[in-house]
Amino acid sequence: TRRKKGIQAALPIVYGNETSKLPDDAPELQLGHTHQWTVYVRGPNGADIAHYVRKVVFRLHESFTNAVRTIEAPPFEVTETGWGEFEIVIAVHLHDFPERPIKLTHMLRLFPPEDQAVIDDPSRPDLLVMERYDEIVLNEPTEAFYDQFLQN
Ligand code: SLL
């Protein structure tokens, strides 16, 4: 495969979690669960990342059934209910480098941490959002990828 020598591409992504408290009548409360959350990898402002993301693998805490969740199409996210916070390992597999996934880690938050900014959506005051903007740096993309997505 021919690659663009000396070219570095920065692919923007946003990853993190959204959490809300379970309503009083939620059946999951019987299991001791207190919150519903979604962990995700997205493009900034809803941009489509499926051009360069082939699949995303989320490794949840082992207390979850099928703790390894592989998402092969957008939206690249997992929604669950639970009771605790834990670190999620996220592997982003690119079309261009399928053999070399990008590893991200995200601390799932159910409660607002004291030392971190929390993004508030005024239309959803019950929703806690903990997310981070990042760039996946692609070294020497394939010529096909470069021609299709990067050159403009
Ligand atoms: C803690 N170290 O003790 C962490 C572990 C694990 C959270 C949190 C499981 C939900 C289910 C769940 O929420 N685990 O039963 O499926 O806080």
Side-chain angles (χ1 to χ4, degrees), residues 1 8-142 145 148-150:
T1 312
Q8 268 200 345
L11 312 175
I13 54 163
V14 176
Y15 64 99
N17 79 276
E18 296 175 353
T19 297
S20 57
K21 271 204 201 153
L22 285 170
D24 288 342
D25 58 352
E28 295 89 349
L29 293 172
Q30 312 299 322
L31 305 167
H33 296 188
T34 52
H35 291 76
Q36 174 171 297
W37 49 261
T38 300
V39 59
Y40 52 81
V41 179
R42 296 176 180 160
N45 304 314
D48 183 12
I49 57 170
H51 304 305
Y52 42 89
V53 174
R54 187 169 68 90
K55 66 174 178 181
V56 178
V57 181
F58 297 89
R59 185 176 294 270
L60 309 181
H61 190 265
E62 58 211 17
S63 54
F64 284 87
T65 314
N66 304 321
V68 178
R69 307 288 174 90
T70 301
I71 310 299
E72 308 252 10
F76 299 106
E77 61 183 42
V78 172
T79 297
E80 268 294 354
T81 62
W83 49 265
E85 302 182 324
F86 56 93
E87 190 172 82
I88 302 181
V89 177
I90 304 171
V92 180
H93 297 251
L94 304 176
H95 292 293
D96 220 34
F97 280 93
E99 73 285 2
R100 237 194 299 161
I102 315 296
K103 275 267 178 78
L104 311 169
T105 56
H106 173 69
M107 187 66 197
L108 177 78
R109 293 296 182 190
L110 307 187
F111 313 97
E114 282 166 19
D115 59 340
Q116 265 172 292
V118 173
I119 301 159
D120 284 311
D121 178 351
S123 68
R124 289 290 310 274
D126 57 321
L127 193 70
L128 171 70
V129 180
M130 297 297 304
E131 67 177 22
R132 159 184 338 218
Y133 177 95
D134 206 349
E135 283 176 347
I136 293 175
V137 177
L138 197 54
N139 276 310
E140 305 200 333
T142 59
F145 185 89
Q148 205 175 349
F149 300 119
L150 302 174

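Nothing here was measured: the structure is a model prediction, and the numbers come from that model. All values below come from the heavy atoms of this structure, side chains included, with hydrogens, waters and symmetry mates left out. Counting starts at 1 for both ligands and their atoms, in listed order.
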- prompt: Do other residues, nucleotides or ligands put more than 12 heavy atoms under 6.0 Å from D48 CG?
  reply: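 Yes, CG of D48 has more than 12 neighbouring heavy atoms, counting only those of other groups under 6.0 Å.
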
Between ligand 1 and the protein, which N/O pairs are shorter than 3.5 Å?
residue	atom	partner	partner atom	Å
ligand 1	13 (O)	W83	N	2.9
ligand 1	13 (O)	G84	N	3.4
ligand 1	14 (N)	S63	OG	2.9
ligand 1	15 (O)	H33	NE2	3.1

task: Sort and list the pairs that fulfil side chain to side chain donor-acceptor pair (under 3.5 Å) and have at least one residue in residues 50-62, not counting sequence neighbours.
output: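 Applying side chain to side chain donor-acceptor pair (under 3.5 Å) to every pair that reaches into residues 50-62, excluding sequence neighbours, yields H61-S63.
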
L29 side, atom CG; L22 side, atom CG - distance, nearest 0.5 Å: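 Rounded to the nearest 0.5 Å, the CG-CG separation comes out at 5.5 Å.
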
message: Any heavy-atom pair between the side chains of L110 and L128 that's under 4.5 Å?
response: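 They are not in contact (no side-chain heavy atoms under 4.5 Å apart), so the answer is no.
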
- request: Answer with yes or no whether the side chains of D96 and T142 bring together a donor and an acceptor at under 3.5 Å.
  value: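 Looking only at side-chain atoms, D96 and T142 do form a donor-acceptor pair, the distance falling under 3.5 Å.
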
From CA spacing to verdict: ring-ring contact (aromatic ring centres under 6.0 Å, His included), W37, F64: CA-CA 13 Å; W37 49 261; F64 284 87; 5.7 Å; yes

